[in-house]
Amino acid sequence: MADAAFTQGAETADRGRLWVVLYLATTGLVLLLMMLAGLWMRLAQSGWLDTDPALFYQLMTVHGTGMVGIAALGGAAVLWHFLSAHIRLHAWVMGANFWLFLIGVVAILAADFPGRFGGAWTFLYPLPASSQGVWPVWAAALHLGGLLVIGVGFLIWCLELARGIIATYGGLGRGLGWHVLFGGSTKDVPPPTVVAATMVAIVTILALIAGATVLVMSLINLAFPSVELNPLLAKNLIYFFGHTFINATIYMGVIAVYELLPRITGRPWKTTKVFLAGWTLSTTMVLIIFPHHLLMDFAMPVWAMAIGQVFSYVNSFPVLVVTGLGALAILHRSGIRWDLVSTLLLISVFGWMAGVIPAVVDATVAVNSVMHNTLWVPGHFHFYLLLGLLPMIFAFMIHLVRVEDVTPRGGDLAAILYLLFGLTFVTMFLVGGWASVPRRWAEHLPEWQIWDQIAVITAAGVITLTTVFVAMFLARTPAMLAKG
Amino acid sequence: MSIQTVSALLSLVAILLLAAVFLRVRSLAHEGREYAPVQGNAYRIRNIGFWILVLVGLPITIWLFRETPYTAQAAAPQVINATGYQWYWDLDRDEVAAGTPVEFHVTSADVNHGFGIYDADGTLVAQTQAMPGYVNRLTHVFDAPGTYQILCLEYCGLVHHNMIAEILVTEGSTDG
Ligand code: HEM
Ligand SMILES: [Cu+2]
Ligand SMILES: [Cu+2]
């Protein structure tokens, strides 16, 4: 087994620190706003708040787009902070991405509220161009243009990661540790952070190219309606982009687990061959399993469907086996005292592993036939994003404002409450899926509304605790920055 | 038991087992032990878990793929041509017999829609996407007579939640 050159406990040399803080502050604030939009949708579905369906679908579009955006922004902060301890990165790229992100957000907000665009974050062709007069063409174009600007920002950002990794390690293959995995080398073993960052760079670049392609094609179609796309091709490109991009966010976030658990427990997270094999497997699998979003498109070739089902299952191994068990082993009988950061990290690993389970079940064609596009699907992704990705980001926020001192401090009640509210909230989506409730419905039948109402109450709890975490971060940020 | 119930129970059991492992680690973390033996144990568990996933899970998922809706074909089906519009379904026939296969030819005249068949109890029993430019063939045998509903299962704009049609399934066989 190869040993990584591991700088344990050392403060990360973080050149883009101010940007990292700005990313996190933006993530926290937008997150809270988007959660309120989510609460509004749940209130509408529960029958407690009469809402115009047009507004519901605008909120749904903003919530979906905004959440995917801040998942990436928050994940990017985690990745950048820890990667810059291993690799020299150009901080201006963080700035460029940030400004492009803000420009995109303004465009999208203008398109979705005054413009009434409600084509969902998946902008499935040809819906943006065909709303039956609900929103004007300019709103659709502005929304898609905003997405494109944000995509370009993240593309530049990922290219910078790739550049840095190639410059330091000599290639992306070496960043994934292939010289160790296949060549048996014990030199230049990439630490877990570099392996994860390499994977993120590779898959996100490919995702963004596909996303930009279909966005440009859709924009051309908006301008010249006679230039039509193949709807099945557009769907493939969109789901390849969407699936890969949102999945990559948790591969960014998990770096917080790899970096912080060793500091908290004093036990190293080593780069082993199994670890490298897991990440190489993830890199390929995450790129080819997107057809599990198209299992109900019978026009797809059957082999693609077989890949969608079987490899979605296989793709759960690296998560469950490598990262999950690795984290549990580091924590088991480690002699630590639980505090907010360590408990959030524990929750995040649980949320990720558990959130994968409903997805693997639903990737089975026989199940997908009766679960696809029901609330089961938001059940799965809220599970791993709300209880997997977000606790990683919260843990990182709190770690930063504690000036990266990992000595246990205070209690972890807020994290436990967040877990309990969050679990009940996502369970209500899953129960909705079990009860055949379609997803993306502005109005629900009375027999479904009991689940929606429980979700409203628990969402309020989730939002309260999120406010606590974000406030802890924002309140202590000035002091942390003053310390240098 | 419906597929939904089986799926939900399976997921529940798996998540509870996982939660039990996490709770155990959480409650024992304060005992400080040396890492090497703990890690050795974890590697052993990891290897066992890996082989269980491969040897048990992989054959199951491959076996589950043997019957898919993609290749299903019936000899003399009752045919319903269904087209999705913003925001209604156009069915060329809305009465079929239980017990004999029905073949739905599903397409869309505008955006993507989802053709979801719900039984009288409101349980989703089958679906396919309704896509412009493509005709998806979905074969389904209605077990019991009753009033079935078609709900839209792909977001299609303002009235997505109100795109509902009905199919009357009668006892015994009628003409194909
Ligand atoms: C208090 C927290 C939250 C609430 C109340 C909430 C609520 C909702 C609701 C009601 C929907 C629509 C469900 C439907 O299809 O009927 C939704 C969709 C969605 N949510 Fe959330 N959510 C929350 C947190 C999050 C988080 C943290 C993320 C990601 C980081 C997220 C990402 C999404 C996405 C991507 C969609 C899909 C939108 C679409 O279908 O087009 N949500 N959420
Ligand atoms: Cu529809
Ligand atoms: Cu619809």
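In what follows, chains are A, B, ... by sequence order, proteins preceding strands, each numbered from 1. Note that the coordinates shown come from a computational prediction; the quantities given were computed from them, not determined experimentally.
Only the backbone of A:Tyr125 comes within contact range of chain B, judged by heavy atoms closer than 4.5 Å. In this structure, the portions of B:Ala19 lying under 4.5 Å from any heavy atom of chain A include both its backbone and its side chain. When heavy atoms are compared at a cutoff of 4.5 Å, A:Val134 approaches chain B solely by way of its side chain, counted from C-beta outward. Residue A:Val361 touches chain B through its side chain alone, counting heavy-atom pairs closer than 4.5 Å. In this structure, chain B has no heavy atom under 4.5 Å from any part of A:Ile347. Of the two parts of A:Ile330, the backbone and the side chain both hold a non-hydrogen atom closer than 4.5 Å to a non-hydrogen atom of chain B. At a 4.5 Å heavy-atom cutoff, the contact between A:Trp434 and chain B is made by backbone and side-chain atoms alike. Of the two parts of B:Val54, the backbone and the side chain both hold a non-hydrogen atom closer than 4.5 Å to a non-hydrogen atom of chain A. For a residue to count as touching a neighbouring chain, one of its non-hydrogen atoms must lie under 4.5 Å from one of that chain's; by this rule A:Val349 touches chain B with backbone and side chain alike. Contacts of A:Ala435 with chain B are made by backbone atoms alone, with heavy-atom separations under 4.5 Å and no side-chain atom involved. For B:Arg26, the parts lying near chain A are the backbone and the side chain together; criterion is any non-hydrogen pair under 4.5 Å. Both the backbone and the side chain of B:Leu53 come within less than 4.5 Å of a heavy atom in chain A. Heavy atoms closer than 4.5 Å to chain A are found in the side chain of B:Tyr134, but not in its backbone. Interface remark: B:Ala126 contributes backbone atoms only to the contact with chain A (heavy atom separation under 4.5 Å). Only the backbone of B:Glu34 comes within less than 4.5 Å of a heavy atom of chain A; no side-chain atom from C-beta onward does. If you measure heavy-atom distances from A:Arg337 to chain B, you find no contacts under 4.5 Å at all. With a 4.5 angstrom heavy-atom cutoff, A:Ser130 touches chain B via backbone and side-chain atoms both.
Between B:Tyr155 and A:Tyr57, the gap from one ring centroid to the other is short of 6.0 Å. Less than 6.0 angstrom separates the ring centroid of B:His140 from the ring centroid of B:Phe142. Taking the six-membered ring wherever Trp is involved, the centroid distance between the rings of B:Trp89 and B:Phe115 falls below 6.0 Å. Proximity of the aromatic rings of A:Trp352 and A:Tyr384 is defined here by a centroid distance below 6.0 angstrom, and this criterion is not met.
In terms of non-hydrogen atom pairs under 4.5 Å with chain A, the most contact-rich of B:Gly57, B:Ala14, B:Gly133 is B:Gly57. Taking A:Val360, A:Leu346, A:Thr364 one by one and counting their heavy-atom pairs under 4.5 Å with chain B, the maximum is reached by A:Leu346. Comparing B:Thr68, B:Leu58, B:Asp121, B:Leu12 by heavy-atom pairs within less than 4.5 Å of chain A, the highest count is held by B:Leu58. Options A:Met305, A:Met371, A:Met300 differ in how many heavy-atom pairs under 4.5 Å they form with chain B, and the most are formed by A:Met305. For the set A:Thr374, A:Leu124, A:Thr122, the count of heavy-atom pairs under 4.5 angstrom toward chain B peaks at A:Leu124.
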Quiz item: Going through the distances and angles, do B:Glu95 and B:Arg93 end up as a salt bridge (charged side-chain N to carboxylate O under 4.0 Å, His left out)?
Solution: CA-CA 6 Å; B:Glu95 209 181 302; B:Arg93 164 176 182 182; over 6 Å; no
Exercise. Go through the steps to decide whether A:Leu445 and A:Trp448 satisfy the test side-chain contact (heavy atoms from CB on, under 4.5 Å), and finish with yes or no.
Key: CA-CA 6 Å; A:Leu445 300 180; A:Trp448 301 332; 3.6 Å; yes
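Looking at heavy atoms from C-beta onward, B:Ile3 lies out of side-chain contact with B:Thr5 at the 4.5 angstrom threshold.
To the nearest 0.5 Å, atom NZ of residue A:Lys235 and atom CG of residue A:Leu233 are 12.0 Å apart. Taking CD1 from B:Ile117 and OG1 from B:Thr128, the interatomic distance works out to 9.5 Å, rounded to the nearest 0.5 Å. In this structure, CE in A:Met296 is found 12.0 Å from CD in B:Glu154, a value given to the nearest 0.5 Å. In this structure, OG in A:Ser369 is found 6.5 Å from CD in B:Gln127, a value given to the nearest 0.5 Å.
When all heavy atoms are compared, the tightest approach of B:Val38 to A:Ala329 is CG1-O, 3.6 Å.
Ring geometry for B:Tyr70 against B:Phe65 counts as tilted: the plane angle lies between 30° and 60°, on a 0 to 90° scale.
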